Amino acid sequence: MLEVRELEVAYGPIRAVRGLGFAVPPGQVVALIGANGAGKSSTVRAIAGLLPRRGSLRFEGKPLPAAPEAVLRAGIALVPEGRGILQRLTVEENLLLGAATRRDRARIGAEIAAQYERFPILGLRRHGLAGLLSGGEQQMLAIARALLARPRLLILDEPSIGLAPKLVEQVFRLVEELRATGLAILLVEQKARQTLRIADHAVLLETGRLRAAGPPAALTADGLLAKAFLGEG
Ligand code: ATP
């Protein structure tokens, strides 16, 4: 579905991602894991069109456009690290922004209602400022907003960061629920072991390069994770 080949991302002389290749098949959860600074965020930001990149990116058999809005229209939505919620807008205004690239405006109201059903707290707070939500609620809002773009691939960049353990569990459960609806998910995480428990496939990055890839069991089995300094989180 998404095919990444020979991806290169650089910040001036700093080569953050080097010759990276991996794929996300339809309906699967692919975990992109690696220590702090391994290049995970750079990879997904480049896919989303937020950073210049080199290499070949194909989505559903076609070259992926480079501009962020075009990537979104093509069917890939990114929930960025830090969530990117607009704090001074209401919950509902944030959700409406998620649907900004949609042409089928008529259906948006019903889909926002569906998100309120999925996340009742967002419905209760719909007219409240997004900045007043808790960290976990803001993460839910960021995901709901991304879903309003009706993506076929959802990219989550460290959705569990800063959340209490119970909420982290909730985020992982949500990822499983979303996969059950047929959505493909690229999940960036530092909480490697928890992530590998739900992933169908894993990609381990080390200093910008592919260190290992395969079924989660293969990565947990041979001590690779310990060597890559991954915490349990
Ligand atoms: P984290 O979990 O901390 O986000 P990561 O695996 O996502 O880590 P990246 O954020 O992609 O890693 O960073 C990869 C490399 O690129 C690091 O060496 C980092 O210092 C460097 N880097 C990231 N952003 C910038 C930037 N804006 N300018 C210069 N170097 C950067």
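Whatever order the structure lists them in is the order used to number ligands and atoms, beginning at 1. Only a predicted model underlies this, so the values are computations on that prediction, with no experimental measurement involved.
Within the structure, every pair that satisfies the salt bridge (Lys or Arg N to Asp or Glu O under 4.0 Å) test and touches residues 73-92, not counting sequence neighbours, is listed here: E69-R73, E92-R126. Applying the salt bridge (Lys or Arg N to Asp or Glu O under 4.0 Å) rule to pairs touching residues 58-68 yields E60-R152, sequence neighbours excluded. Applying the salt bridge (Lys or Arg N to Asp or Glu O under 4.0 Å) rule to pairs touching residues 162-175 yields nothing, sequence neighbours excluded.
Protein residues with a heavy atom closer than 4.0 Å to ligand 1 are Y11, I14, A16, A35, N36, G37, A38, G39, K40, S41, S42, E81, E158, Q190, listed by chain and number.
Under a 3.5 Å cut-off, the side chain of D157 and the backbone N or O of V188 do not form any donor-acceptor pair.
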Applying side-chain contact (heavy atoms from CB on, under 4.5 Å), run through R150 and R107 and close with a yes or a no.
CA-CA 11 Å; R150 301 201 100 214; R107 300 194 46 192; 3.6 Å; yes

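In summary, the side chains of E6 and S56 do not present any donor paired with an acceptor at a separation below 3.5 Å, with no hydrogens or angles considered.
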